[in-house]
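Let me begin by presenting the structure, written as structure tokens, before commenting on it.
Just the heavy atoms: all of them, side chains too, but no hydrogens, waters or symmetry mates, feed the values below. These numbers come from a predicted model, not from an experiment.
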Amino acid sequence: MGTPGPKYQRIKDELRAEVARDEYEAGAPFITQNQLRERFGVSSTTAVRALNDLVAEGLLVRRRGRGTFVADPGDRTAEPVAAHRSGVIACIISGQGPYQSEVLRGIESGCSERGLRLFFSDSAVHMTDTGHADHGASLARQDQALRQAVEDRVDGIILYPVEGPPDADVLDELRRLRIPMVLVDRYFPDHAIDAVTADNYSVGYRLTEHLLADGHERIATLWGETQCTSVHDRMTGHKQALRAHDQPLLPQLTALRSYTALPEDERKQLLTELLGSPEPPTALLCAHGFAVATAAADLASLGIAVPDEIVLAGMDDAGPYDLLPLTSFAARLPAREIGGRAVEQLVTRIAERTAGEDPYRSAEQIVLPVRIRTRESVPVRLRTVAARRP
């Protein structure tokens with residue numbers, strides 16, 4: 001039976017003992033991450049964690065661009081991580097759309113005001129050969145960026161997470177090293193980490209109320225991402241508004257499915273089925289501006305006019321252009337404020353860490369209000385017109 005305890009701990013103990021036996025000379029290159037993986041048969045995450053621990057303990061030192069080396073005996077003291085201040089913030093954002101760009105502007109402004117440098121990484125979703133999102137590759141890229149932030153010894157991290165569940169080992173590593181992190185736009189429901197988001201529940205609830213008040217009792221939802229809390233909270237708000245107004249929850253209308261990720265022919269087939277049902281929807285509640293633009297184009301190609309035959313609503317107004325003239329209602333998210341508040345929260349956590357406190361001891365979720373814009377509030381209104389196919 002093997003030695004009990006976590007794998008990374010057993011690896012650390014064995015490597016520590018080898019250094020103590022002078023099997024590695026002071027100043028000499030140490031075993032690499034890949035060599036650790038092959039020798040002990042462990043994942044990259046486990047190997048990186050073992051090496052990071054030994055660096056934090058002062059047994060090893062990292063030299064930028066050269067690798068990891070055995071520390072001199074006189075330097076082998078575990079210096080507290082909190083003593084190191086680099087003045088650098090790592091910002092990892094998924095994608096570069098208009099909404100993300102506004103969040104980033106808020107982050108840049110907040111860092112500039114405080115004299116902080118910003119390292120930016122894009123963990124954008126990769127696309128497969130079939131044109132579908134490769135979420136696994138994007139999650140791996142996000143984890144790589146987080147590990148690089150640890151290697152670079154940044155003061156803190158702001159993360160706009162990619163779709164899907166995070167790597168718990170990477171999050172545990174950040175917590176163990178007390179590197180503070182603040183999430184933006186969405187949060188991890190199973191992990192106590194600071195987050196700054198828009199009031200996504202209110203987005204779904206208030207837009208649905210506006211549509212109901214406008215006489216639309218059959219509302220179909222069209223989504224982009226489906227595996228993130230911002231979407232789930234909007235769906236919850238939408239359903240709760242339907243219940244509050246005694247409207248039935250029809251599975252074909254409230255299905256949580258990705259519309260924008262579908263090929264064009266499948267998107268049009270979905271719309272055809274929805275609009276050809278005995279009781280078709282009279283409104284489409286779209287996840288974001290790009291979903292609105294995609295739906296408008298698909299409807300036009302099907303010969304369906306907006307808003308004469310069906311109306312559109314957007315759960316945010318981030319898109320390729322100002323969509324409000326085309327939508328009946330759209331939510332305006334406080335994107336730049338989200339970025340600024342994230343920096344403010346992170347600076348607070350960095351100060352706590354510097355004082356020797358645990359920056360994860362009392363995670364907060366900061367929820368910022370949203371604004372609903374109406375079609376009547378703009379001077380120009382657009383409609384799509386297309387000739388019906390024979």
Rounded to the nearest 0.5 Å, what separates atom OG in Ser230 from atom CG in Asn200?
5.5 Å
dist Asp194:CG -> Leu346:CG (nearest 0.5 Å) comes out at 8.5 Å
What closest approach, in Å, do Ala220 and Leu274 show between heavy atoms, and which atom pair accounts for it?
CB-CD1, 4.2 Å
Write down the atom of Pro281, the atom of Ile310, and the distance for their closest heavy-atom approach.
O-CD1, 3.8 Å
Would you mind reporting whether Leu253 and Ile219 have side-chain heavy atoms less than 4.5 Å apart?
no
Looking just at side-chain N and O atoms, do Tyr99 and Asp185 make a donor-acceptor pair shorter than 3.5 Å?
yes
Taking C-beta and beyond as the side chain, do Arg257 and Leu270 meet within less than 4.5 Å on heavy atoms?
yes
Tyr201, Val231: one ILVMFWY side-chain cluster at the under-4.5 Å cut-off?
no
Within this structure, what is the CD-OH distance for the pair Gln142 and Tyr160, rounded to the nearest 0.5 Å?
11.5 Å
Which heavy atom of Arg267 sits nearest to which heavy atom of Thr294, and what is that distance?
NE-CG2, 3.2 Å
In plain terms, say whether Glu151 and Arg147 are close enough for a salt bridge, that is, a side-chain N and a carboxylate O under 4.0 Å apart.
no
Are the side chain of Asp72 and the backbone N or O of Ala26 linked by a donor-acceptor pair below 3.5 Å?
no
Result block: side-chain N/O donor-acceptor pairs under 3.5 angstrom for residues 356-371, not counting sequence neighbours:
from: Asp358; atom 1: OD1; to: Tyr360; atom 2: N; distance (Å): 2.9
from: Tyr360; atom 1: OH; to: Ile179; atom 2: O; distance (Å): 2.6
from: Arg361; atom 1: NH1; to: Glu352; atom 2: OE1; distance (Å): 3.0
from: Arg361; atom 1: NH1; to: Glu352; atom 2: OE2; distance (Å): 3.4

Decide yes or no on salt bridge (charged side-chain N to carboxylate O under 4.0 Å, His left out) for Arg39 and Glu14, but give the supporting numbers first.
CA-CA 12 Å; Arg39 174 177 166 184; Glu14 187 167 335; 2.9 Å; yes
Write down the atom of Leu104, the atom of Cys91, and the distance for their closest heavy-atom approach.
CD1-SG, 3.9 Å
Any side-chain donor near an acceptor of the partner, Tyr205 and Asp233, under 3.5 Å
no
Compare all side-chain heavy atoms of Gln100 with those of Ser94 and state whether any distance is below 4.5 angstrom.
no
Tightest non-hydrogen contact, residues Ala192 and Arg175, listed as O-NH2, 3.1 Å
Less than 4.0 angstrom from a charged side-chain N to a carboxylate O is my criterion; do Asp13 and Arg16 meet it?
yes
Are side-chain heavy atoms of Leu284 and Leu299 found at a separation under 4.5 Å?
yes
Which pair of non-hydrogen atoms, one from Ile350 and one from Gly156, has the smallest distance, and what is that distance?
CD1-N, 4.3 Å
Identify the residue among Asp143, Leu171, Leu139 that makes a side chain to side chain contact (heavy atoms under 4.5 Å, CB included) with Pro166.
Leu171
Quick one, Val203 with Leu333, criterion side chain to side chain contact (heavy atoms under 4.5 Å, CB included). Give me CA distance, side-chain angles, the key distance, then yes/no.
CA-CA 9 Å; Val203 168; Leu333 305 187; 3.9 Å; yes
Sub-4.5 Å side-chain heavy-atom contact between Tyr259 and Leu271
yes
Taking Leu250's backbone N and O only, do any of them form a donor-acceptor pair with Thr254's side chain (distance below 3.5 Å, no angle check)?
yes
For Asp152 and Gln148, does a side-chain donor sit closer than 3.5 Å to a side-chain acceptor?
yes
Going by heavy atoms in the side chains, are Trp223 and Met315 under 4.5 Å from each other?
yes
Apply side chain to side chain contact (heavy atoms under 4.5 Å, CB included) to the pair Thr208 and Leu285, showing each step before the final yes or no.
CA-CA 8 Å; Thr208 303; Leu285 181 55; 3.9 Å; yes
How many angstroms lie between atom CD1 of Ile31 and atom CG of Leu36, to the nearest 0.5 angstrom?
4.0 Å
May I ask you to check whether Ser301 and Lys268 show a side-chain donor-acceptor distance below 3.5 Å?
yes
Crowding at CD, Glu279 (>12 non-hydrogen neighbours, <6.0 Å)
no
Phe329 CZ to Thr374 OG1 distance, which is reported to the nearest 0.5 Å:
7.0 Å
Can you tell if the side chain of Leu183 reaches within under 4.5 Å of the side chain of Pro161, non-hydrogen atoms only?
yes
Kindly indicate, with the supporting measurements, whether the criterion side chain to side chain contact (heavy atoms under 4.5 Å, CB included) is fulfilled by Arg234 and Asp316.
CA-CA 11 Å; Arg234 292 177 188 183; Asp316 69 48; 3.8 Å; yes
Answer whether the closest heavy-atom distance between the side chains of Lys12 and Leu15 falls below 4.5 Å.
no
In sequence, state the C-alpha distance, the side-chain angles, and the governing distance for Glu264 and Asp298, and then conclude on side chain to side chain contact (heavy atoms under 4.5 Å, CB included).
CA-CA 8 Å; Glu264 182 180 355; Asp298 289 343; 4.2 Å; yes
Using the salt bridge (charged side-chain N to carboxylate O under 4.0 Å, His left out) rule, take Glu209 and Arg206 through it: C-alpha gap first, then chi angles, then the decisive distance, then the call.
CA-CA 5 Å; Glu209 278 202 321; Arg206 292 173 61 192; over 6 Å; no
Any donor-acceptor pair under 3.5 Å from Gln345 side chain to Ala342 backbone
no
Please indicate whether Gln33 has more than 12 foreign heavy atoms, meaning atoms of other residues, nucleotides or ligands, lying under 6.0 Å from its CD.
yes
If you round to the nearest 0.5 Å, how far is CE of Met181 from CD1 of Ile193?
4.0 Å
Ala313 backbone acceptor or donor facing Ser328 side chain under 3.5 Å:
no
Is a side-chain donor or acceptor of Gln269 paired with a backbone partner of Asp265 at a separation under 3.5 angstrom?
no
